[in-house]
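Just so it is clear, the model here is predicted, and its values are computed rather than measured. Note on naming: letters A, B, ... go to the chains in the order of the sequence lines (proteins, then strands), and numbering restarts at 1 for each one.
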Amino acid sequence: MAEPRLIEISPVTRVEGHGKVTIHLDANNQVDEARLHIVEFRGFERFIRGRLLWEVPVIVQRLCGICPVSHHLAAAKAMDVICGVDDLPPTAEKMRRLMHYGQVMQSHVLHFFHLAAPDLLFGFGAPAEKRNIFEVIKENPELGRRAIAMRKFGQDIIEATAGKKIHGTGAIPGGINRNLPVPARDAFLAVIDEMCLWAQDALALARRYTQEHDHLVAEFASFPSNHMSLVRDSDGALDLYHGKLRALNAVGGTIFEKLDYARYHEVLVEDVRPWSYMKFPFIKELGPEKGWYRVGPLARMNTVSFIDTPLANAALAELKQETSGAPNNSTLVNHWARMIEVLHCVEKIRELLHDPDLQGTDLRATGQRREEGTGVIEAPRGNLIHHYKVDENDTVTYCNLIVSTTHNNEGMNRAVKDVAVKHLSGQERITEGMLNHVEVAIRAYDPCLSCATHALGQMPLQIELFDADGGLLDSRQRSA
Amino acid sequence: MTSPDFTFVIDGRAIPGKPGQTIMEAADAAGIYIPRLCDHEGLRHQGGCRVCTVKAAGRSVSACTQPAAPDLVVESETPHINKLRRDLVEMLFHEGNHLCPICEASGNCELQAMAYRLDMTAPTKMPYLEPCRELDVSHPDIALDTNRCISCGRCIRASQDVDHKGVFGYVGRGIHRRVAVNGSDLAHTDAAVTDHAISAEVCPVGCILRKRVGFATPIGEREFDHGPIGHEIEGGSSD
């Protein structure tokens, strides 16, 4: 009989932020426990307190270098509410939307081509030295060139709307600080058709991969769950910038619908576990066991009624056919969903570039001050909640952030366990390629671990001391 | 047109000077920029920050207070002097909390612009003091983040000499000297958002803030997006 073993994958690679996976194998080489641990702590919820309200959209975007626009816009939306602005001037809202679509596009392209493509093109068990973007470019130079050009296009959109490709200052409470000059608009229009064609090709690649590997997709980290996202208030369409919350169960039944996101705390609860800096949210009425849910591209494809751009909507119909219209619960289908969203973003960018409101000069609205505001957005990785309270002197007194990766915490841990059990259990010798299967499951959620670790207050901590035979000698616990 | 009263030399270049002019005033008029932080047009000279240090007749002096004189030989843009200036600016960064990425003064900040001009690309030597001073947000229209104060005293002189109020003043001695307000907090002074001392041009950093206007100026249109600090003086040269 073998000795019990602990396997660590540290750090998890080709994700944003720092995390590790631990897998406990028992004496029969069966997976006993497998967990994704977040080993970094950021603490924005605490140190944003005391800062001035108009600084918040700029400070909190420093959470992330990949999707700072999401935090910038979610915080700006919350500050709009606090500044008493319920309706932005059309130019402001459309500039923010343009910024957001540019960001979702570049983030998804980064993930699909740079982070996930090596696994998808070369196989999960391919040699480690093969699994990187440089090998992708070597094998398929045109694909690599497009990946770089598409990401650049998205980044250029962000720069035109926020002043910088990363960590700009476009959105301000109540509006935006710039419009889009005609020369910049024309430069984007000159290449938008090419971007649209490339987005369709990328989508075809992701769809083909999913359909050609249907057995793998069906068994790999595939498990039922609830799904949640914003959808457009009027008709349930995909809306990445604004809407109402909708949550469905694993077979498509409604959990909640048309929920004003300012009431998120009435339906969601954040649980804490002693072994991770990342919280575990769940739907209150269903409890922690049944109430956990997933967010992100696939969750959005599951929750939305349709997509309001024709090419992406046709692609959505194709995806939904796979499950006869029911929610798709296969982790790997996220890649297909992600590419549908890239196409949607390109279509929306084209639509906006033809809108003369982008050249408008009414950039900012004002209103009657309020004490509290919540801003929610669909970030590339899923639903993102920013909630603030501000005192009469304009300083922040409370901040709560629920980041996409946090929403997906339970889902990612289940995916890790599922893959570990299926691919590692019973194996005498664990290879690097086998361990990469676990990372592939995490990567499919495109987690941003650095975004997701802002728990406020004293985190629970448990320390256990084992003897050489694995017996528990002592245990100390600090509660939250 | 009258002839210059005398000439003197800065970095090998002969420039005109008038009686009563400081080296800096004569240099500005000739289109030569001498770096400075505490000096500001319209306020009396102080000679406090020492960033304008030059060598005049072999002695280190502050150009904002030292009178120009006939045939004086001044060195300004030398590697040694610029090194001293960079050290001074660096110390200011270490003394306060100057987090440019999240500061609304970024792009308009003279300290930041001076660091760029002097090629201070990274902190090198001193430990950060990391002050934790509470923001004074008591005034309805003005906020003070004294963690960013560089004790240039421009607000003190503007308040006393232009606004005739005395809202600001120094307290403490040595390393503990700080700019403070003449009251328990800013709300308990007669400061007004229309004061010259409160205007964005007087505070060189992000310490005195007009509330609710931060980040309204887009990147690309901020003061130092148009050129490095001093470019207006250097660009205005008639030579």
Side-chain angles (χ1 to χ4, degrees), chain A residues 44 47-63 65 68 71-72 75-76 79 82-85 92 95 99 158-181 184 363-364 366-367 369 390-397, chain B residues 97-109 112 116 128 130-148 181 183-189 191 193 198 200 203 205-226:
Chain A
F44 273 69
F47 64 69
I48 199 69
R49 282 187 185 179
R51 296 310 310 183
L52 299 155
L53 75 89
W54 57 92
E55 294 179 328
V56 173
V58 176
I59 294 177
V60 295
Q61 66 175 337
R62 293 277 163 175
L63 279 160
H71 295 290
H72 184 57
M79 293 308 161
I82 285 172
C83 291
V85 177
M95 283 292 286
M99 190 193 305
I158 297 171
E159 184 175 28
T161 49
K164 285 166 67 186
K165 288 185 170 75
I166 304 171
H167 300 140
T169 64
I172 51 178
I176 194 92
N177 67 13
R178 63 175 68 226
N179 65 11
L180 187 71
L363 302 180
R364 191 174 191 179
T366 54
R369 267 290 302 278
V390 174
D391 67 16
E392 68 279 9
N393 290 323
D394 298 324
T395 55
V396 175
T397 58
Chain B
N97 289 339
H98 298 284
L99 305 173
C100 301
I102 57 166
C103 178
E104 65 186 87
S106 184
N108 295 313
C109 173
Q112 180 193 46
Y116 279 125
Y128 283 98
E130 296 177 346
C132 288
R133 302 176 199 123
E134 283 215 10
L135 272 62
D136 183 345
V137 292
S138 58
H139 194 284
D141 299 313
I142 309 161
L144 295 180
D145 185 349
T146 54
N147 297 295
R148 299 169 180 165
V181 297
S184 56
D185 54 34
L186 199 60
H188 291 88
T189 68
V193 75
I198 305 301
C203 181
V205 291
C207 173
I208 301 175
L209 304 168
R210 294 183 63 180
K211 283 187 172 180
R212 297 174 289 279
V213 298
F215 304 105
T217 305
I219 294 170
E221 294 177 25
R222 302 166 306 178
E223 185 177 355
F224 300 115
D225 291 333
H226 303 296

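Per-residue heavy-atom pair counts under 4.5 Å with chain B were compared for A:Leu53, A:Asp391, A:Ile59, A:Thr395, and the maximum is reached by A:Ile59. Listed options B:Glu134, B:Arg148, B:Glu221 were ranked by heavy-atom pairs under 4.5 angstrom with chain A; first place goes to B:Arg148.
For B:Ala143, the part lying near chain A is the side chain, with the backbone staying farther off; criterion is any non-hydrogen pair under 4.5 Å. Residue B:Leu99: no heavy atom, backbone or side chain, is found under 4.5 Å from chain A. The contact between A:Ala162 and chain B is made entirely by backbone atoms, counting heavy-atom distances below 4.5 Å. At a 4.5 Å heavy-atom cutoff, B:Ser106 makes no contact with chain A through either its backbone or its side chain. Using a 4.5 Å cut-off between heavy atoms, B:Asp225 does not touch chain A at all.
In this structure the side chain of A:Leu52 reaches within 4.5 angstrom of the side chain of B:Val137, judged on heavy atoms. Contact of the B:Glu104 side chain with the A:Thr169 side chain is not registered, since no non-hydrogen atoms from C-beta on lie closer than 4.5 Å.
Other residues, nucleotides and ligands place no more than 12 heavy atoms under 6.0 Å from the NE2 atom of B:His188. Enclosure of atom OH in B:Tyr116 is not indicated, since only 12 or fewer non-hydrogen atoms of other residues, nucleotides or ligands lie within 6.0 angstrom.
Here the closest non-hydrogen pair linking B:Lys211 and A:Asn393 is NZ-O, 3.1 Å. Taking every heavy atom of both residues into account, A:Asn177 and B:Phe215 meet most closely at ND2-O, 2.9 Å. Heavy atoms only, all atoms of each residue included: A:Arg62 and B:Ile102 are closest at CG-CG2, 3.9 Å. Among all heavy-atom pairs drawn from B:Arg210 and A:Trp54, the shortest one is O-CZ2, 4.5 Å.
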Chi angles and distances behind the side chain to side chain contact (heavy atoms under 4.5 Å, CB included) call for A:Glu159, B:Ile219: CA-CA 10 Å; A:Glu159 184 175 28; B:Ile219 294 170; over 6 Å; no

